[in-house]
There are 2 protein chains.
Amino acid sequence: MTRPADNAEAAGAAEQRREQMLRAALDVIMERGYADTRIADVAEHAGTSPALVIYYFKTRDQLLTEAIGYAEDAWYATGVQRLAAIPAAAGQLTELIAMTCLPDTDPLPRGEWLLWLDLWALSPRNPGVAAVRRKFDERWREAIRTIVLAGQEAGEFSPVDADEFAITLSALLDGMAVQIALDDPDVQPPRAYDLAMRYAAGQLGFDWKPASARDRRSQGRR
Amino acid sequence: MTRPADNAEAAGAAEQRREQMLRAALDVIMERGYADTRIADVAEHAGTSPALVIYYFKTRDQLLTEAIGYAEDAWYATGVQRLAAIPAAAGQLTELIAMTCLPDTDPLPRGEWLLWLDLWALSPRNPGVAAVRRKFDERWREAIRTIVLAGQEAGEFSPVDADEFAITLSALLDGMAVQIALDDPDVQPPRAYDLAMRYAAGQLGFDWKPASARDRRSQGRR
DNA sequence: AAAGTTTGACTGAACATTCAGTCTAGATTG
DNA sequence: CAATCTAGACTGAATGTTCAGTCAAACTTT
C-alpha cells in the first residue's frame, strides 16, 4: 500500500526510477497522446519492463495522471524562477506571455502545448486530471494577478481590474496555445506573442513595441 | 464502395439511418468522450447492432470523425442563420460571442464545448479530425473578419486591423470556451460573455453596456 | 401476373487483437 | 539470508471487425 520508495537517505535511487518513468511517460504521451500511451511503451522508453512500471504506479491511469501533474509542476516552477529574476512588472508580464507563446525547449517543440490539449480533454471525466488542471490554472491566473497588482502599485500599469484582466489574459493565452499546439499556419508563435502583448500593453497602458523579427528570439532569455 | 443509400427519392431511408447513427455517436462522445466511445454504445443508442454501424461507416474512426464533422457543420450552419437575421454589425458580433459563451441547447449543456476539447486533443494525430478543425476555425475567423469589415464600412467600428482582431478574438473565445467546458467556477458563461464583449467593444469602439444579471438570458435570442 | 432473380439492409456469431495487470522465479543489496 | 527489486511469460477481459447468411422489396422474365 505504501509507495515503493520511502528510502529516506539521499533521495533514494527508487525516487530516481520514479522520475525516470514519469519522464518516459511524458515523452510517450507527447508523441502518441494520452489515450494511445501503453504501459509497454513507457517501460521500453525507460528501459525496463511493464511489470516494473505497475510496481511503481499501481495503475496505468495513476502513472499518466501523475506524469501530467509532474510536467505541470515543473513548468510552473521554471516559470516562477524566471519571473523572479525580472525586476519590473512589465518585464515579468512580457516573460510570462513569452513563456506561453514562444517555445524554447528543444525536444518536441510543441510537446508542452499538446499536453495541455490532452489535459483539457481528459479533465471532464477524470477527477485526478481535473485537479491538476485546476491547480495549474489557478496558479497561473494568480501569477498574472500578482504581477498586475505589483505593477499598479509601482505606477507602471493602469488601474484596470486585476481579476478580470487575469481571467481575460489567461483565456487569450489558452486560445493562442491551442493554435500554436495545432500548428495553425495563420497563428505562429511570434504572431501569437505580438497579439497577446499588444492586448496586455493596451489594457495596462505600458509601452511596448513589437520586436523586429530578428530580435525576437533573443529577448533576454537563454 | 458506393454509399449504401443512393435512392434518389425522398432523401433515402438509409440516409436517415446514417444521421441517426451520427447523432447517436455524438451523444455518446459528449457523454463518455471520444476515446471511450465504443461502437457497441453507439449501436445501442441508435437501437441497432454494432455490425450495422460498421456496415455504414467502414470503421470506428470514420464514424467518430464524421460525427464530429457533422456536429461542427450543424453548429456553423445555425450560426450563419442567426447572424443573417441581424442587421447591424455590432449586433452580429454580439450574437457571435453569445453563441460561443452562452449555452442554450437543452441536452447536455456543455456538450458542444466538450466536443471541441476532444477535437483539439485529437487533431495532432488524426488527419481527418485535423481537417474538420481547420475548416471550422477558418470559417469562424472569416465570419468575424467579415463582420468587422462590414462594421467599419458602415462606420460602426474603429479601423483596427480586421485580420488581427479576428485572430485575437477567436483565440479569446477559444480560451473562454475551455473554461466554460471545464466548468471553471471563476469563469461562468455570463462572465465569459461580459469579458469577451468588453474586449470587442473596447477594440472596435462601439457602445456596449453589460446587461444586468436578470436581462442576460433574454437578450433577443430564443 | 406468377415465378424467378437481383439488390441492399440488416444480423448473430465468431475471430483476432490488443493490453492492463498478475505470477513466478531470479537478481541485487544491505 | 532476508528484503527489496526486476523481468519475461502469461492471462483474462474488452472490443473492433469480419463473415456467412436472412429477409424484404424491387425488378425481370416468361
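Sequence lines set the chain letters: A, B, ... in the order given, protein chains first and strands last, and positions in each chain run from 1.
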Query raised in the report: For A/Tyr34, does its backbone N or O pair with a side-chain atom of A/Asp118 as donor and acceptor, under 3.5 Å?
Result: yes
Requested in this report: Could you state the atom-to-atom distance from CG of B/Leu63 to P of D/dT17 in whole Å?
Outcome: 10 Å
Query raised in the report: Does the A/Arg60 side chain pair with the main chain of A/Thr37, one donor and one acceptor, at a distance under 3.5 Å?
Result: yes
Query raised in the report: Of all the nucleotides listed (C/dC19, D/dT4, C/dG8), which has the minimum atom distance to the side chain of A/Tyr55?
Result: D/dT4
Query - Spacing of A/Gln62 atom CD relative to C/dA20 atom C1', expressed in whole Å - result: 14 Å
Query raised in the report: Salt bridge or not for A/Arg133 and B/Asp184, using N-O below 4.0 Å?
Result: yes
When you compare the protein's N or O atoms with those of nucleotides 21-24 of chain C, which come within less than 3.5 Å of each other, and at what distance?
residue, atom, partner, partner atom, Å
C/dG21, OP2, A/Arg60, N, 2.8

Requested in this report: With pairs defined as Watson-Crick or G-U wobble and both distances under 3.5 angstrom, please note down DNA chain D as a dot-bracket string, | for pairing with another strand.
Outcome: ||||||||||||||||||||||||||||||
Query raised in the report: Distance check: side-chain N/O of A/Ser49 vs OP1/OP2 of D/dT6, anything under 4.0 Å?
Result: no
Query raised in the report: Picking from C/dC10, D/dT6, C/dC19, which would you name as closest to the side chain of A/Arg38?
Result: C/dC19
Query raised in the report: Atom CZ of A/Arg18 and atom C1' of D/dC5: how far apart are they, to the nearest Å?
Result: 15 Å
Query raised in the report: Could you state the CG-P distance from B/Asp36 to D/dA14, rounded to the nearest angstrom?
Result: 14 Å
Query raised in the report: For the ring pair A/Trp75 and A/Trp116, is the centre-to-centre distance below 6.0 Å?
Result: yes
Query - salt bridge (Lys or Arg N to Asp or Glu O under 4.0 Å) assessment of A/Arg141 paired with A/Asp163 - result: CA-CA 8 Å; A/Arg141 225 136 58 188; A/Asp163 281 297; over 6 Å; no
Report task. For the residue pair A/Leu64 and A/Leu122, establish whether any side-chain heavy-atom pair is separated by less than 4.5 Å. Result -> no
Query raised in the report: Taking the side chain from A/Asp41 and the backbone from A/Arg38, do they hold a donor-acceptor pair closer than 3.5 Å?
Result: yes
Requested in this report: Go through the structure and list residues passing side chain to side chain contact (heavy atoms under 4.5 Å, CB included) with A/Ala130, not counting sequence neighbours.
Outcome: A/Ser123
Query raised in the report: Cation over ring, B/Arg139 on B/Tyr76, under 6.0 Å and within 45°?
Result: yes
Requested in this report: Measure the distance from CZ on B/Phe57 to P on C/dC10 and round it to the nearest whole Å.
Outcome: 12 Å
Report summary line: B/Leu52 atom CG is separated from D/dC19 atom P, nearest whole Å, by 17 Å
Query raised in the report: Whole Å only: how far is the CD atom of B/Glu44 from the P atom of D/dG16?
Result: 13 Å
